[in-house]
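Accompanying notes for the structure given below.
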Amino acid sequence: MSWFKKEKAPLAPIQHSRMPEGLWTKCKECSEILYTKEIVKNLNVCPKCNYHIGLSAVERAKSIFDDERFEEIETGLFSNDPLSFSDTKNYGDRLSRSKKSTGLDDAVLIARGCIDGIPVVLAAMEYGFIGGSMGVVVGEKITRAVELALEERVPLIIVSRSGGARMQEGAISLMQMAKISAALARLDDGKVPYISILTDPTTGGVTASFAMLGDVNIAEPKALIGFAGPRVIEQTIRQALPPGFQRSEYLLEHGMLDMIVERKDMRKTLGRMLRFFTQSVKPATGSGSSTETDSSTSRSRVQKEESVS
Amino acid sequence: MGMDILDFEAPLAALQKEIESLTGYPADAGKEREIARLSTKLDEMRREIYSKLTPWQTVQVARHSQRPYVLDFIEHLFTGFVEIQGDRRFGEDPAIVTGMAWFHDKPVAVIGHQKGRDTKQKIRRNFGMARPEGYRKALRVMRMADKFERPIFCFVDTPGAYPGIEAEERGQAEAIAVNIREMARIRVPIIVAVTGEGGSGGALAVAVGDEILIMEHSIYSVISPEGCAAILWKDAGRAEEAADGLKLTATDLLELGLVDRIVPEPVGGAHTAHRQTAQMLNKYLVEALERSERFSPEERVEARYQKFRRMGEVGLEVRNGS
Ligand SMILES: [Zn+2]
């Protein structure tokens, strides 16, 4: 409870930047060869076609929080390779390599910080860690984030970027969908807001659980979002998919998203929504009740209902 | 009924054929003795084979075309079934059957995947692969059961949610996600039985319950072995290896703490004897319901939460101070 009252901004963690490397970068969407510095300056958005290049979890957190400042929490959780899974590589080796390359424990970063002065709990998925896949660690960390948000009555934001459940942990991964969703049911009962941000790509068990369960579901432009992967669908129906299928714009048109927000507008949009959710409202005139004047704390916290203990 | 013969059942089929060839006219004492001897041998062989199925063989049994589906269980375990159809949003999805029924004279809701037996039915039921409408219908019925305080039985048997254009357009992911979340706060007992294939999110969307039973030769997996092999080895032909690695059998799942109880099947698999299978399942359903009914609604919802909250603990390593 005390953390968001701190005058000092939370500490930014170690830098594990995964911005495009090299002098030149090819846009995956329009194939344009671009000057990397130019892309970075443009928040990793292609200046030519507006494709939103994926951000690492840390870059995402920096892009969302005030002054790029946040505190990483819920660390020290690791997968012990419960199935002793091995395909072309040992799962254990995949885990070690991903830990090294991303600087994270697993495919999600949990952090707290402020947006527009309003404290939030953030879960940002790391695609560089085995395709952002969800195993027990992702499930546990996101569930803890949900539970923390509920306990402290602070809004929750989850940024999804994931191929879905992690095959290497079998049905354990599948059950994380239920674990997180059950926690979200409680958050919902507790009337604590949850904003889901879907980025390129968000598919499988992540879409079919927490990513679709926000009070508000936001997507970045042109993100691939779906349950089944496009190749699986193509193989099943044996025909080509319509243009733009499973992209943000397509989902918006089909009523599956609340809005598409460009990266440059994300913080501002989130700030406005968070105010909508958390702003204390004075009782209508004539109610005669004496109320405290709006303090920064009451403004920035979800109002606790008396019935909720 | 015409029975599909699985690869590993070939020795059984051969022996069966041998027995049948002896049963023809004229009968004599020598033949009778030989038939009796071979029949005993057949039973022993069947018991032997089914006592040590490999994961891949278990997948075959779980998918057997004669396996009992929800309508079979309704026939053998429930009375007075009244089917409820449609999601009241878009359509009716026959891949999931829902309705009211009586279980030992107690009014209950029944929900389950229906795969379809012959070609025509398979197409109508879409091979048990539900579209968003199926999941939304299931949730509608679960909410009705909650409202009228009727326990819910879910029979899970699906290759997975349907991967098609219109399913995606109408929010397959959202439908599954909402079911999973809402099942966590349904206040009446929810008893789940995985009776065949527990295919990923399409199974989980009707499988968040107080007790998760799984039949002996059923599977429950995050992805099909074929799908897993296609992704990891770029070769769907290596499904057998994937089936080993995914730990999708009943015993594996029990060990991992993801299911509560294994329901034994008749020797030779549920597909050989539907009525007997149902009878064996009956006892487990009765007991599971009894256990869940001992809770108050609040306790039940809390217990269900804690049950799923703990799932996967076995794979978690906590290292503090990092
Ligand atoms: Zn571009």
Side-chain angles (χ1 to χ4, degrees), chain A residues 75-83 85-88 105 135-137 139-140 143 165-179 181-186 188-189 203-205 207-213 225-229 232-233 236-237 241-242 245-246 250 254-256, chain B residues 160-165 167-178 180-185 198 200-201 203-205 207-208 220-223 227-229 231-233 241-242 245-248 252-253 256 258-259 304-305 308-322:
Chain A
T75 57
L77 293 170
F78 303 90
S79 168
N80 66 11
D81 184 12
L83 309 189
F85 198 95
S86 178
D87 47 272
T88 52
D105 300 350
V136 65
V137 177
E140 181 66 22
T143 303
R166 187 175 294 170
M167 284 176 286
Q168 291 88 345
E169 290 183 20
I172 288 176
S173 304
L174 180 67
M175 298 309 160
Q176 303 311 304
M177 294 166 66
K179 184 161 115 184
S181 301
L184 287 173
R186 293 190 157 193
D188 185 49
D189 287 340
T203 58
T207 323
S209 60
F210 57 87
M212 276 291 165
L213 294 176
I225 300 165
F227 174 65
V232 174
I233 299 172
T236 306
I237 62 170
L241 300 172
F245 180 64
Q246 289 185 317
Y250 188 90
H254 286 89
M256 293 300 147
Chain B
Y162 182 60
I165 292 176
E168 294 285 321
E169 276 178 357
R170 298 198 292 271
Q172 187 72 291
E174 193 262 1
I176 294 169
V178 168
I180 295 169
R181 181 186 66 194
E182 294 310 308
M183 286 183 86
R185 52 183 165 188
S200 195
L204 188 62
V208 180
Y220 200 171
S221 182
V222 66
I223 187 169
C228 179
I231 295 170
L232 294 181
W233 289 286
E241 279 166 79
L246 284 166
K247 301 277 183 276
L248 42 63
D252 286 331
L253 295 160
L256 292 169
L258 305 179
V259 299
R304 197 182 297 145
Y305 183 81
F308 282 88
R309 182 69 186 81
R310 285 190 301 269
M311 284 196 188
E313 253 175 10
V314 63
L316 207 56
E317 192 178 315
V318 185
R319 267 181 261 150
N320 281 318
S322 71

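Computed over heavy atoms, backbone and side chain alike; hydrogens, waters and symmetry mates excluded.
When the candidates A/Pro82, A/Ser86, A/Ala171 are compared by the number of heavy-atom contacts under 4.5 Å with chain B, A/Ala171 comes out ahead. The candidate with the highest count of non-hydrogen atom pairs below 4.5 Å against chain A, out of B/Arg309, B/Arg170, B/Lys247, B/Met183, is B/Arg309. Each of A/Ala183, A/Gly205, A/Gly229, A/Ala211 has some count of heavy-atom pairs under 4.5 Å with chain B, and the biggest count is that of A/Ala183. With respect to chain B, the highest number of heavy-atom pairs below 4.5 Å among A/Arg186, A/Glu169, A/Arg166, A/Met177 belongs to A/Arg186. Interface remark: of the candidates B/Met311, B/Gln172, B/Arg185, B/Arg185 forms the most heavy-atom pairs closer than 4.5 Å to chain A.
Partners of B/Glu313 by side-chain contact (heavy atoms from CB on, under 4.5 Å), not counting sequence neighbours, listed by chain and number: B/Arg310. Residues satisfying the salt bridge (charged side-chain N to carboxylate O under 4.0 Å, His left out) criterion with B/Asp252, sequence neighbours excluded, are absent altogether.
Note that CG of B/Leu232 and CD of A/Gln168 are 5.5 Å apart. Values are rounded to the nearest 0.5 Å. In this structure, CD in B/Glu174 is found 6.0 Å from CE in A/Met256, a value given to the nearest 0.5 Å. Atom NZ of residue A/Lys179 and atom CD1 of residue B/Ile180 lie 14.0 Å apart, to the nearest 0.5 angstrom.
Of the atoms belonging to B/Tyr305, it is side-chain heavy atoms, and not backbone ones, that fall under 4.5 Å from chain A. Residue contact with chain A, scored on non-hydrogen atoms closer than 4.5 Å, involves the backbone and the side chain of B/Leu246 alike. If you measure heavy-atom distances from B/Val208 to chain A, the contacts under 4.5 Å come from the side chain alone. Heavy atoms closer than 4.5 Å to chain B are found in the side chain of A/Tyr250, but not in its backbone. In this structure, the portion of B/Ser221 lying under 4.5 Å from any heavy atom of chain A is its backbone and not its side chain. In this structure, chain B has a heavy atom under 4.5 Å from the side chain of A/Ile237, while its backbone stays farther away. Heavy atoms of A/Ser79 lying under 4.5 Å from chain B belong to its backbone as well as its side chain. Both the backbone and the side chain of B/Ile165 have a heavy atom closer than 4.5 Å to some heavy atom of chain A.
With hydrogens and angles ignored, the 3.5 Å screen pairs no side-chain donor or acceptor of B/Glu168 with any backbone N or O of A/Gln246.
Of all non-hydrogen atoms in A/Val136 and B/Gly315, the two that sit nearest each other are CG1-O, 3.5 Å. Across all non-hydrogen atoms, the minimal contact from B/Ala173 to A/Thr207 is CB-CG2, 3.5 Å. The minimum heavy-atom distance linking B/Ile176 with A/Ala208 is given by the pair CG2-O, 3.7 Å. Summarising the geometry of A/Ile172 relative to B/Leu256, their closest heavy-atom pair is CD1-CD2, 4.1 Å, with the distance given to 0.1 Å. Taking all atoms of both residues into account, the shortest heavy-atom contact from A/Met212 to B/Ala177 is CB-CB, 4.2 Å. The minimum heavy-atom distance linking B/Leu204 with A/Ala178 is given by the pair CD2-N, 4.0 Å.
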Item to check | Stepwise salt bridge (charged side-chain N to carboxylate O under 4.0 Å, His left out) check, B/Arg181 with A/Asp188 | outcome: CA-CA 10 Å; B/Arg181 181 186 66 194; A/Asp188 185 49; 5.0 Å; no
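In this structure, the side chains of B/Leu316 and A/Val137 come closer than 4.5 Å at one or more pairs of heavy atoms.
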